[in-house]
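Report on one structure; see the data block that follows.
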Amino acid sequence: MPAPPDWYATGLPHIWLPYAQMKTALPPLPVVRTHDTRIHLADGRELVDGIASWWTACHGYNHPHIRQAVQDQLAVLPHVMFGGLVHEQALRLARRLVALLPDDLERVFFADSGSVAVEVALKMATQFWLNKGQRRRRFVCFEGGYHGDTLATMAVSDLDVGMHDMFKGLLPEHLCVPLPRDADGEAVLAQVLERHAGDIAGIVVEPLVQGAGGMLFHETEVLRRLRAAADRFDLLLIFDEIFTGFGRTGAMFACASAGVRPDIVTLSKALTGGTLPLAATVARRKVFDAFWSDDPMHALMHGPTYMANALACAAANASLDLFEREPRVAQAGRLEELLMQGLAPCRDLPGVRNVRVRGAIGVVELETAPDLNALRRRFVEAGAFVRPFGRTVYLTPALTIGEEDLARLTGAVLQVLREPR
Ligand SMILES: *Cc1c(COP(=O)(O)O)cnc(C)c1O
């Protein structure tokens with residue numbers, strides 16, 4: 001095998017990798033090129049991508065339409081600050097996102113990462129009440145939930161399933177409860193809401209699929225219960241669609257398919273089709289109205305330096321073109337069938353707890369945590385990039401992946417899990 005490139009050997013000692021114990025982590029794979037659903041490594045190997053770069057590259061990598069849009073924008077206006085200035089790409093994108101979202105979710109605040117979009121949502125909800133003269137400190141959030149890695153978003157995530165349990169007791173205490181999956185769960189939730197009434201600003205949930213917490217699914221009925229509880233106790237309902245948005249669950253947005261209307265929605269991940277960082281927090285009219293005032297203190301005091309970056313907005317507009325022109329959402333539905341077929345044989349393997357699929361998300365959950373390094377290495381040997389975490393082995397490929405590449409991915413999962421762990 002050829003030696004790694006010079007930039008790898010000289011730069012790696014200066015890099016701090018994500019979610020990694022640097023001492024024991026596998027050395028990262030040097031990537032020289034991406035194309036469609038393939039990742040090309042420096043040593044000439046080519047991997048079929050099962051993760052779509054943390055669920056962002058929904059049209060596959062280097063899509064010519066997005067590439068062209070970014071190049072055109074680069075020549076004209078790569079970036080201007082959004083304070084006091086606006087540009088066509090951001091305004092077009094805001095209008096298009098609002099048209100795709102239900103009802104009066106109609107004001108878009110742009111940010112540069114998902115965590116920041118959730119921070120903005122939490123800040124909006126807290127100040128919504130402040131502007132009405134109420135101090136409400138807490139959020140209701142859910143077991144299995146994940147909303148980001150910054151301090152405030154960690155505090156509304158389930159610290160047990162995340163990589164953050166050592167932070168327990170150090171963060172503001174919110175109310176982390178089980179999802180109300182049935183009438184009993186609904187009663188438990190109502191008790192918590194009653195006990196803390198007047199101190200709760202809102203409810204934060206990943207609708208239909210809790211992603212980084214273990215690819216856990218729930219039914220639309222759960223979301224209806226949350227909407228009813230939010231209405232009964234006068235709370236804001238925040239849907240974090242950073243993972244579920246843009247077709248991943250088999251609908252453009254989980255909130256639209258569930259028919260449940262949140263007060264605030266966060267978007268990121270596949271927003272730019274996996275090309276540039278961008279996020280959005282979208283608020284309903286009643287949320288925006290609480291900030292609309294002659295009092296300067298009632299303004300939303302937030303403004304990420306790179307918010308509404310023009311290149312990123314151009315990429316997002318091009319990505320939305322593709323959703324309009326091509327049958328992306330139908331492709332996600334087709335992937336549901338193919339993933340189900342491909343992964344079903346894993347049910348019979350020892351140590352597999354269950355196999356579940358929703359939209360373009362295929363999950364094999366194991367009984368016990370495997371040696372992740374060994375598993376990840378075996379996937380690469382099988383020609384696939386798959387990144388299991390905890391007890392979860394999952395596939396979230398590009399929505400455009402062909403049947404052959406998908407079969408290679410599901411075949412790799414079956415092959416790797418068949419070997420002794
Ligand atoms: C990834 C993710 C985030 C955080 O987004 P970043 O861009 O990594 O900060 C928040 N919420 C959900 C549901 C996510 O999947």
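As the structure lists them, so they are numbered: ligands from 1, and atoms in each ligand from 1. Nothing here was measured: the structure is a model prediction, and the numbers come from that model.
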### Message
Asp289: which residues meet the salt bridge (charged side-chain N to carboxylate O under 4.0 Å, His left out) condition with it, sequence neighbours left out?
### Response
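None.
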### With sequence neighbours excluded, residues passing side-chain hydrogen bond (donor to acceptor under 3.5 Å, both in side chains) with Glu365
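Glu365: side-chain hydrogen bond (donor to acceptor under 3.5 Å, both in side chains) contacts with Arg356, Arg391.
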#### Entry: Pairing of Lys132 and Asp234 as salt bridge, 4.0 angstrom limit
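Between Asp234 and Lys132 there is no salt bridge, as every charged N stays at least 4.0 Å from the carboxylate O atoms.
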#### Entry: Proximal protein residues to ligand 1, non-hydrogen atoms under 4.0 angstrom
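Only Trp55, Ser113, Gly114, Ser115, Tyr146, His147, Gly148, Glu206, Asp240, Ile242, Phe243, Lys269 have heavy atoms that fall under 4.0 Å of ligand 1, ordered by chain and number.
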### Query
Considering all heavy atoms of both residues, which atom of Val156 and which atom of His147 are nearest to each other, and what is their separation?
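Val156 and His147 have their closest heavy atoms at O-CD2, 3.3 Å.
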### Task
Specify the closest pair of heavy atoms between Phe253 and Gly245, including all atoms of both residues, with the distance to one decimal.
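That would be CD2-CA, 3.8 Å.
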### Pairs where residues 260-288 contributes a residue and the test ring-ring contact (aromatic ring centres under 6.0 Å, His included) is met, not counting sequence neighbours
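Only Phe288-Trp292 qualify under ring-ring contact (aromatic ring centres under 6.0 Å, His included).
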